[in-house]
Amino acid sequence: MARPHLAQTLTYSRTISSAIKNREQSAVQARDQDTSSQSLPIAATQPSIPPKTLPPSEKRPLSPTTSKKRDFVEIIDLTIDHDDFDPPEPIERKKSRSSSHSTETSIEARTQQPGIVTKASSKPILKLKNSRTKEKSPHPHLSNPGLSFRKSIPAVIVPPPQPSPQKRRCIFIENLSVLKNVSVVNTIDDTSPPLDFQFVTQNVLTDGVEQASEDFMTGCKCRKDNGRNIGCEYLSCECLDDLVNSHGNKQFPYSQAKFNTACLRDAFLSGRNHIYECNSRCNCESNCKNRVVQHGRKVGLEIFKTTNRGWGLRCTQNLKRGQFIDTYRGEIITHEEANRRGETRTMDQEIYLMGLDKWSEEDGGSKYVCDGMYLGGPTRFINHSCEFNCAIYTVSYNHADINVYDLAFFALEMIPAGTELTFNYVDDDNIDVITEEKADEMQRENGYRPTKCLCGSSRCRGYFFT
Ligand SMILES: C[S@@+](CC[C@H](N)C(=O)[O-])C[C@H]1O[C@@H](n2cnc3c(N)ncnc32)[C@H](O)[C@@H]1O
């Protein structure tokens with residue numbers, strides 16, 4: 001049976017965001033706050049970036065990354081050539097009915113090239129013939145007639161050569177060099193994180209994704225620094241209009257004046273209020289207390305290989321409760337594109353889709369999804385735990401866009417340096433433990449099985465993506 005990619009990927013994205021909304025509602029009651037988040041006239045500050053095509057990573061020139069911590073690799077030679085590649089494993093190919101020109105089974109390819117058939121085994125092989133020698137190409141209209149397929153029964157295809165583990169790590173560390181204060185460590189095996197992934201410092205908008213025009217952007221008219229170096233004023237700041245408690249008082253989401261030590265206040269931490277930060281049209285300056293996520297990550301992070309859950313992320317410094325960690329970044333794609341991608345992913349591939357559906361019900365359905373599979377930040381390596389120490393909050397800078405905004409990770413508790421960062425993929429406190437039998441039943445009924453949770457917590461619920 002084909003895997004229900006769509007169901008699983010969208011369950012993941014829906015689960016997180018709908019749980020954000022659920023928790024927001026319960027926190028409203030608990031914290032006696034007014035969460036009138038519906039009139040959200042927001043527009044995003046980040047510039048629209050055209051869709052990006054990744055260059056083949058093994059072709060990219062590498063540059064030294066001497067400042068980076070490299071526990072698991074010593075970069076000696078930064079030039080990649082074919083001698084550094086591991087010999088590829090031949091893959092057997094079945095007979096093709098379309099090739100009928102010749103019965104020859106020899107080969108004249110001199111070098112191994114990606115995806116090209118070679119004399120890799122003693123079995124009859126597909127012939128490659130150089131037309132510059134004797135034969136005319138049967139396809140003269142083709143721009144590159146130098147190689148022509150002659151027979152293919154049975155054939156052996158050599159897949160593209162894979163870089164050696166050491167080269168893979170070099171390539172990944174080069175990818176990582178666009179980020180400051182992030183390292184990679186693998187004390188488990190000689191694998192590297194995926195090479196079809198590239199780090200980005202902001203979201204990349206893809207085809208069909210639109211941000212609200214900056215014409216709709218509004219800023220507050222607070223006095224600069226309000227005379228006390230704290231930025232905006234409680235009473236007049238328009239950016240705080242939607243952040244009032246039951247007494248009608250506006251409240252800053254963050255507790256500290258300095259953005260690099262700012263912490264999300266308890267009322268926001270335990271709820272899921274949307275956070276509106278001041279923006280480029282505001283009268284306040286960059287040290288305003290209401291600007292934290294927009295300044296980006298300030299904490300040190302380390303991507304590390306776990307023993308049982310692929311790669312994970314940990315902090316390299318102590319984190320305070322409420323401290324901003326980093327945003328979840330990736331390609332902002334439409335739901336149609338998310339569905340298309342879901343269909344092409346295999347069962348064993350990890351899922352990196354996060355729904356941007358904070359206001360889906362009011363808006364008649366969320367428009368976009370953030371996919372961290374190919375482009376993203378270090379937070380795409382954060383694993384699930386049933387006893388999590390981080391959570392995601394939604395953050396906007398401008399008030400006219402309910403479709404494109406940031407997903408920001410904050411520490412839910414004091415987290416000592418070296419601790420793995422985790423969040424709740426399911427994010428619903430009421431969810432039951434899923435037993436093996438229940439997972440079987442879900443598989444029978446829905447056609448897919450939830451993922452077995454390996455978080456190791458005594459409070460583990462057994463499975464996630466439910
Ligand atoms: C967003 S990725 C997290 C990073 C991932 N570990 C990696 O190596 O790229 C989500 C995937 O990580 C794995 N994962 C995360 N948390 C897990 C857990 N508690 N138990 C088992 N697998 C987990 C699952 O394969 C899941 O699809």
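All of these numbers come straight from a predicted model, not from anything done at the bench. Residue numbers count from 1 along this sequence. FYI, side chains are in, hydrogens and waters are out, and symmetry mates aren't considered; it's all heavy atoms of this structure. Both counts, for ligands and for their atoms, begin at 1 and track the order of listing.
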*Have a look at Tyr254 and tell me which of Arg265, Glu277, Lys289 forms a side-chain hydrogen bond (donor to acceptor under 3.5 Å, both in side chains) with it.*
Glu277

*Measuring from the heavy atoms of Thr306, does anything fall under 4.0 Å of ligand 1?*
no

_Heavy-atom contact check, 4.0 Å cutoff: does Cys453 meet ligand 1?_
yes

_Set of residues satisfying salt bridge (Lys or Arg N to Asp or Glu O under 4.0 Å) with respect to Glu387, sequence neighbours excluded_ = Arg459

*asked:* Just to verify, what does Arg281 make a salt bridge (Lys or Arg N to Asp or Glu O under 4.0 Å) with, not counting sequence neighbours?
replied: none

Which of the atoms of ligand 1 are close to [X], meaning less than 4.0 Å from one of its heavy atoms?
| X | value |
| --- | --- |
| Ile382 | 3 (C) |
| Ile351 | 1 (C), 2 (S), 10 (C), 27 (O) |
| Gly310 | 8 (O) |
| Lys452 | 20 (N), 21 (C) |

Backbone or side-chain N or O of [X] under 3.5 Å from ligand 1 N or O:
| X | answer |
| --- | --- |
| Thr451 | no |
| Tyr352 | yes |
| Leu454 | yes |

*Please test Arg169 against Gln166 for side chain to side chain donor-acceptor pair (under 3.5 Å), starting from the C-alpha separation and ending with a verdict.*
CA-CA 5 Å; Arg169 292 190 290 261; Gln166 189 192 31; over 6 Å; no

*Between Glu350, Arg380, His384, which one has a non-hydrogen atom sitting closest to atom 19 (N) of ligand 1?*
His384

*asked:* Would Arg314 pass as a cation-pi partner of Phe304, given that its NZ or CZ must be under 6.0 Å from the six-membered ring centre and within 45 degrees of the axis?
replied: yes

_Between Thr191 and Lys305: side-chain donor-acceptor atoms closer than 3.5 Å_ = yes

*For the residue pair His274 and Ser396, confirm or rule out a side-chain donor-acceptor distance under 3.5 Å.*
yes

*asked:* Using ring centroids (six-membered ring only for Trp), state whether Phe268 and Phe252 fall under 6.0 Å.
replied: no

*Could you tell me whether Asn308 approaches ligand 1 through its side chain, its backbone, both or neither, with non-hydrogen atoms closer than 4.0 Å?*
neither

